[in-house]
There are 2 protein chains.
Amino acid sequence: MSESRDMLREVFRETGRRLTSQRCLILDVLEASDEHLDAEAVYELAKDRAPDISLATVYRTLTLLREMGFVEEHRLGEGHCHYEAVHEEPHYHFTCRKCGKVIEFDAPLISRIRRDLSQREGVKITKAHLHLTGYCRDCQDRETSGDPV
Amino acid sequence: MSESRDMLREVFRETGRRLTSQRCLILDVLEASDEHLDAEAVYELAKDRAPDISLATVYRTLTLLREMGFVEEHRLGEGHCHYEAVHEEPHYHFTCRKCGKVIEFDAPLISRIRRDLSQREGVKITKAHLHLTGYCRDCQDRETSGDPV
DNA sequence: GTCCATGCAAACTGTTTGCACGCGC
DNA sequence: GCGCGTGCAAACAGTTTGCATGGAC
């Protein structure tokens with residue numbers, strides 16, 4: 001654990017940033033959780049180990065870690081962001097419109113889509129978000145409200 | 001034009017809603033634009049034709065039209081939503097991280113991904129959002145800031 | 001010791017809501 | 001005329017920022 005933090009420290013130093021206890025802690029919290037935490041949840045979990053930490057620091061650190069590529073930000077549709085430590089493999093999300101349950105999945109076909117678009121439009125794609133919505137197994141019979149005509 | 005509004009009126013009546021001038025106007029604005037407007041932009045455009053319209057009405061109407069399936073809401077990552085009148089064909093988005101340019105594209109392979117996940121997880125998928133980010137042709141040489149390590 | 005990072009509180013943006021009036025039906 | 005929809009302003013949620021203090025290096 002501590003040797004991985006040393007590597008981390010070096011990455012920070014190279015870019016003129018400091019590895020503070022708060023930044024360590026927030027990264028720990030994200031790595032320890034395999035859920036998609038929002039800023040408030042990260043804040044609550046961090047407070048358990050550092051009661052004085054502030055929500056502003058959580059936001060600043062999440063932005064920083066995102067810029068450095070250590071965490072990913074997802075907007076799954078509820079007006080606030082979710083964060084998670086980066087995995088090696090890309091993965092995507094399904095969200096149930098009824099109960100909010102999130103299912104993660106992989107979809108290798110996305111790489112074909114990326115390649116096609118890159119070639120056709122001459123763009124360089126750095127990130128793909130695929131977000132499916134619908135009704136999970138448990139909610140399917142009750143999909144009453146707020147749906148297309 | 002007016003006969004299409006009559007059809008619209010009927011859809012509203014069936015669900016106990018009223019087709020007000022504001023609702024018409026907002027739908028007009030969205031249909032007239034082939035861009036992705038945010039609520040503020042819809043508000044500004046609507047004010048040209050109805051100076052007394054309020055931003056609250058714009059939000060309420062956008063929510064309503066989304067629930068009725070007439071418009072789609074996109075969260076392309078900047079902390080506010082974009083809206084557009086529904087097209088028949090599904091389409092997806094690429095956003096340039098540098099200049100914000102949006103390219104729309106189709107990706108028929110998505111239907112395979114949808115089918116796979118539905119079968120594997122037993123979910124019913126009603127909507128797919130694919131959002132690619134990266135650098136457009138013009139911005140590729142200057143992709144300096146804020147990128148993964 | 002230097003200067004970046006933090007905590008606090010206030011500001012800010014995008015969105016929602018309570019209420020009395022107005023308009024579609 | 002009944003009741004949904006509107007405009008207005010205030011409230012709200014999530015996030016950002018200014019400033020003085022504190023901690024990493």
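Just so it is clear, the values below take in all heavy atoms, side chains as well, and ignore hydrogens, waters and symmetry mates. The chains referred to below are lettered A, B, ... by the order of the sequence lines, with proteins before strands, and numbering in each begins at 1.
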(request) Whole angstrom is fine here: how far is it from CZ in A:Arg23 over to C1' in D:dC25? (result) 13 Å

(request) Please report, rounded to the nearest Å, how far the P atom of C:dG7 is from the NZ atom of A:Lys47. (result) 12 Å

(request) Report the distance from atom CD of B:Glu10 to atom C1' of C:dG24, rounded to the nearest whole Å. (result) 16 Å

(message) Quick check: closest heavy atoms across B:Tyr135 and B:Cys96, and the distance to 0.1 Å?
(response) CA-SG, 3.9 Å

(request) Measure the distance from CG on B:Leu55 to P on D:dA9 and round it to the nearest whole Å. (result) 13 Å

(message) So if I take every side-chain heavy atom of A:Arg60 and compare against D:dG7, C:dG7, D:dG14, which nucleotide ends up nearest?
(response) C:dG7

(message) Using heavy-atom distances to pick each residue's nearest nucleotide on DNA chain C, tell me which of B:Ala56 and A:Phe12 is more 5'.
(response) A:Phe12

(request) Please state how far atom CG in B:Asp38 lies from atom P in C:dG14, giving the value in whole angstrom units. (result) 8 Å

(message) How about CD on B:Glu35, more than 12 heavy atoms from neighbouring residues, nucleotides or ligands closer than 6.0 Å, or not?
(response) no

(request) Take the protein atom CE of A:Met68 and the nucleotide atom C1' of C:dA5, then report the distance between them rounded to whole Å. (result) 14 Å

(message) Between A:Arg49 and A:Asp28, does any NZ, NE, NH1 or NH2 come within less than 4.0 Å of an OD or OE carboxylate oxygen?
(response) yes

(request) Have a look at B:Arg114 and tell me which of B:Ile125, B:Thr126, B:Leu109 forms a side-chain contact (heavy atoms from CB on, under 4.5 Å) with it. (result) B:Ile125

(message) Please determine whether a side-chain nitrogen or oxygen atom of A:Thr20 lies at a distance below 4.0 Å from atom OP1 or OP2 of C:dT6.
(response) yes

(message) Measuring from the side chain of B:Arg13 (C-beta onward, heavy atoms only), which nucleotide among D:dT15, D:dG7, C:dC25 has the closest atom?
(response) C:dC25

(request) Select one nucleotide: of D:dT6, C:dA9, D:dG7, the one nearest the side-chain heavy atoms of B:Thr61. (result) D:dT6

(request) Can you tell me the distance, in whole Å, between the CZ atom of A:Arg9 and the C1' atom of D:dG23? (result) 13 Å

(request) When you get a sec, tell me which of D:dG7, D:dC2, C:dG14 is the closest nucleotide to the side chain of B:Arg18? (result) D:dC2

(message) Does a side-chain N or O of B:Thr57 approach OP1 or OP2 of D:dT6 to a distance below 4.0 Å, or not?
(response) no

(request) Could you tell me whether the side chain of A:His93 reaches within less than 4.5 Å of the side chain of A:Ile103, counting heavy atoms only? (result) no

(message) Less than 4.0 angstrom between a side-chain N/O of A:Gln22 and OP1 or OP2 of D:dG23, yes or no?
(response) no

(message) Closest approach to the side chain of B:Tyr59, judged atom by atom: which nucleotide of D:dG7, D:dT15, C:dT15 is it?
(response) C:dT15

(request) Let me know the distance between CG of A:Leu62 and P of D:dT15, rounded to the nearest Å. (result) 9 Å

